[in-house]
Enquirer: 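Have a look at this one.
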Amino acid sequence: MEHARARSSSTSRFVLLGLALGLAALVLAAGARAADPPQGTVGPGNETAAWQGETYTLSNTDGPESCPSGDGDATCDHYTLDVGVAATHWDTHDGGVRIAIQWANPADDFDLYVYDSAGNEVGRGASPLTNGEEAFVPEPSGTLRVLVVPFLVTSSAYTGTAAFESEAGGASGPGPYYLHGEPNDDANKAPGPPDPTATFDTSPPTDVAPASQGTTAVVNEDFAKNFLAAFWSGSYSGPIDGSLEIRWWWTSAGAAATGAQVSVTVFADAPADGGVVPPEQIIGRKLVTITAGPTPVENVSIVPVSGNVDAELTIQAASLTATAPDIRVHYDTAQFPSQFLVSDEAPPPGNVTPPGVDGLASAPSGGLAFSASVPAEHQRDESEPLIEINKDGHLFTCGPTGFSNASDYAQISTDGGDQFHLLGTPPRGQQGAGGGGDCGLAFGTSRNPQGFYQYAYTGLGPLTGFVTTTSPNNGRNMVTGGPFGNGVTNQGGGADRQWNVFVGEQTVLLNYNQQAPRNVVVQRSTDGGLTYGPISSVGAPTPLFPGPMRYDEARDVVAFPWDSFENHINLSISRDRGLTWTACQVAVNDAPAAGFATADFDRDGNVYVAWAVEGSYHTYMSSLPAAKVADCNDPVRANGPQPTTDPGWSTPVQVDRDDVRTTVFPWLAAGGAPGRVAVTFYGTPTEGNPNTGAFKAAWDVYVNQSLNALAPDATFSQVKATTHPFHFDSICLNGLGCDLSVPQGDRSLADFFAIDWNPKLDRLSVVFNRPNKIPDEPSGHVANVMVVNQIAGPTNGGTTATPTRAVVRTSSTDPAGDALSSYSLLGPPAPPPPTANEPAADFLSVALGPELDLHTNALVPDGGLTATLKLAGLSNTALLDTTTRTGSQSLLWLVRFTNGYQDVAASARWNPVEGFTFGYNDYTTGSAQCGGSGEKCVLYPGGEPIQGHVDQAKGVIRISVPRYLLRALGPPDAHGRPTQVPATNGSRIYDVTAISVGNTLSPVQTLQSFLYPLDNAPPLDYLIGSGGAGGGGGGGGGEAGCKVNGGGAIAVAGGEGRFSTDAHADGKGKVDYRGGDTDFRSSGPVRLTCTGTSARLEGSGFVDRDDPVTYTVDVTDGGEAGRTDTFAIRLSNGKTAGGTLTRGNVQVKPR
Amino acid sequence: MSRSSLGSRRLTRALRLTAGALLASLLLVAALALPGRGAGGPEQLSKPAYEREVRSAYADVQTAFSSARPGAGDLGPRLAEAATTLSLAAASLGSIRPPGEVAQEHARLVAGLNAYATDVAALRAAVAAGDERAPAAFNARIPTSEPIELMAEAAEAMTFKGYDLGRIAED
């Protein structure tokens, strides 16, 4: 494809240009170029300047980069403009400088660029088919450089003008306004004289010692200048319609306050002696979340305001919780210059807040990225999924279906998380009779005589005991102690939430929350977790809940965190492998934890704890150096005193960043290099109470990683680990109260999900639930177990992972020999199960492409997709052998993917009588026994016929899904939830996974139960229309290296959006976009992913030069003419634009 | 057992059942439900039969609450229906004779249903009076709601004794 100059859109222009170039040798340049005069000045009293531009003949200049700088430039024209005002002029005035050029013939085309003295572009006018350009530079000072580019000029001069526009502000300015006061501000605000002395003005503070004010619980927020609150008053006049951005420093007495709730009220013209004011004098109010520490912590709070102020503004901060620690605002020093800005930015719509406010900025992610989601279990309901990874790098996942169903299920992946095998005898796969309440997993610390790491499982029955199971060989043989293999309640009554950890090859600890008396009690097993002895110790007194146990093998320390009824986060440790325990206090919170507290060691023995707090719904992390772990030594005894000693935990650091406002269920993984931790949580930009059905939100799985978690000012990056929202609206933590809320809250995600670090592969893996909820539904459906695996970026082990395949691509390869029947058997320890590879179910590759009519092999115009599945063998013998070995009556090959909001499947089915048939079904669920009706299992009836074709000799299955069945996620609604729209070319479908299973119940798919799992291929996200037609039958992943360049325009409301890009696989490059009210430029490295002729560019940059944002740009190279190329940009500030190019072109090329 | 099913029991160590109506209801239902009520009383239910009764009564409650949401029509009548369903569930369960081993837990469950019906009726009145913020305030009190605490405690205690009561005891 021709890399056309960005804006040539007219055929006649090309002809003209050709003539021009042909005559170029005959044309004399018009001598040294110079505007006349070359320099001018504008400012107060000198409002305009003008110049005569140079005459150009047959000039064709790409852009400013083609212009030599300064004197003697024969290509472009230069003009210097001095703006005769200081920068402070604009503190009290609105306006700027308007620069314009004009010429006679619209067929000629000059472009205008304006730069400041630092060389930054501050204005631009570059439109086609006009006879003038204009650029407005807001609030400039100093020298501007004007560059005029003769983009395409046959013969023309131009004239230039500059106009200074300045209007005195009618009201007080935007600030910043600094908070001032005296050391006795707190006392001076008490009723009666002396008068309050806390004020604000535009003078930066110069004091040495900060003033401070505290706040205690306030009964009436409408009481202005309330002596129980902190407040400041100052001169201000004029209307305010926007927001106050308050930057202030907060401390707490003693332990850190994490997530303190503070109500900020803004009063207009409150009485001098305060009091309850009428509503019209309350011009702003917002509940903000404050992080405070022993030393002042900077917070940013945005408070929407709207109203008129005659003379005085008062800002008041009131704590709303009587239990909050003594929190104070510090101000009036250079070190703590608490201040606020008045912005005319409209308050964010609804309860969605913009990025970067009322929160902390994330650190660079270093390219941290995760795969598409693979179902570890695609049928069963396993809310509260746990993941643990053994030293061989094998991933184990498990989750309960509820003890009404007496079912826990578990899975293993031996290939790093691409494929999972069901544990227990298929097709149902239980690890023992019973369980269903909670599951626990753990592995031996050293290899057993069979050369594996012993595996132990416990499943909670109806609060009366645990089913226990052990396996010596990665779950292939599983031996169970029966439904009450561990009759645990030999002291007191009731058992709840248990966790396991090995402290030797066969020695396992089991702790659980004993209900009466309420203590965390600990038992030991010396036979790999099959049987446990009597309670050997109490690990924590009167807890709310214990978190999982972790073992620091090198230093022989076991630890688990727990929260208390007093909302404290504590840690218990044992240095004699669970025989005795001591404890210490990690943090004190205002409210209960929103999920379990979790902890982990790094390889040097440093400990990290993460937890979330209800009310604020933020997530926090604290660390304790290895040298201080031994000081965690308050005595622990049954129902004894709570720990009070803090051996040196770091001030809790808020983990969630940027635009995330609500988080639940954090889980922490360390294990590797000191200071490297990853914390995952369910997060959303929506702020509010997620416990009720009134909460409207789109949730993603986030992974926030710290590379300096031991530092007092630890930073966290923040990435979404899911490629699309996995849940909508409420996540309720209120147990039975969820059912009885108005409207009801959603309990379908239960109480946690998990992350672990793979010590073998040095990668992170996250297991989470995907309940397939549609926005506004009252509840999720079946909590399938999904896993995402780290594919790039910094690792917990201290290295950097390099991606081997892109998330968005058109194909996956899959190893041969991994479609295993009889992988796992529950029963006697030997012999090993008759595991066999099933060629008929053994995927070698999966490829997707534009839809083919499989009768004619013709490309379907505006079609959907065709999936091509390559299997190891589809001979009749292979098919019959697999049905025989699995006890199946039919076989299925599923292409499962997320189609808009929900998971669907296109399937090929075979039975010996009918041969192959093909079908599609939307999301379909069944009962706990995986049949009939209900919401406990996913089924694949495939009732809607679709085209399919099988070449048994080549082992190839092709399935076509027409466009009308495909859906996409569209623009967000008012709550930030994506809408669902019909799919178009370029629409993305998610988590495409090919799965092979057997149906042991029936030859037809209207009857299904638990399907016999055999193989799955690695998941991918797919852009409709990409790839070779019909999937091309190829293998491989996305292209590892490529480059993208080009530029042009797309149509946007009110005009056009112009862009240019040049990006390379090594991270170099840039993206610029201007259109509508968006002026964006990238900065820093570009993350480039190419799939065929499509590419995605991701990174960060700035809007309007100084507002940081992240961006995602998707481009497609549609061919030579460029007219079918597309460009789409999405910014983290919510701005989006996209469409087919109206001019220019884009090239996506392999490296 | 998930965290929140027990986590809602934040008043466990300081359960304050001082509300007169709640206590009176508890005592009344206990008197009706405990064994030895008299020859004219209902048959004592078997464990499976009792489990079915509780599951059925709570299913009705769930259904009523699932439609009691803003935007699903006039909230007031739906709250009235939810309150009525709670009262009916309490009356229905109050008229049966549970297995002796769970008699006390049963009494607490019925008392909780009755008391919560009163709370929902009050919410309905507030909504009818035009208090648009009432549902949010109502929901904010749920984590410390004594009636819910009472029901959850009772259901959990019966679970400890091996009873499978379905949803009311699960989460």
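Proteins get letters first, then strands, A, B, ... in listed order; numbering begins at 1 in each.
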Enquirer: Would you indicate whether the side-chain heavy atoms of L123(B) and V742(A) approach each other to under 4.5 Å?
Expert: yes
Enquirer: Side chains of V61(B) and L740(A): closer than 4.5 Å at any heavy-atom pair?
Expert: yes
Enquirer: Under a 4.5 Å cut-off applied to non-hydrogen side-chain atoms, are D739(A) and F65(B) in contact?
Expert: no
Enquirer: If I take atom OG from residue S741(A) and atom CZ from residue R141(B), how far apart are they, to the nearest 0.5 angstrom?
Expert: 11.5 Å
Enquirer: What distance separates C732(A) SG from N139(B) CG, expressed to the nearest 0.5 Å?
Expert: 9.0 Å
Enquirer: Are side-chain heavy atoms of I142(B) and T692(A) found at a separation under 4.5 Å?
Expert: no
Enquirer: Looking only at heavy atoms, what is the nearest atom pair of Q62(B) and Q744(A), with distance?
Expert: O-NE2, 3.4 Å
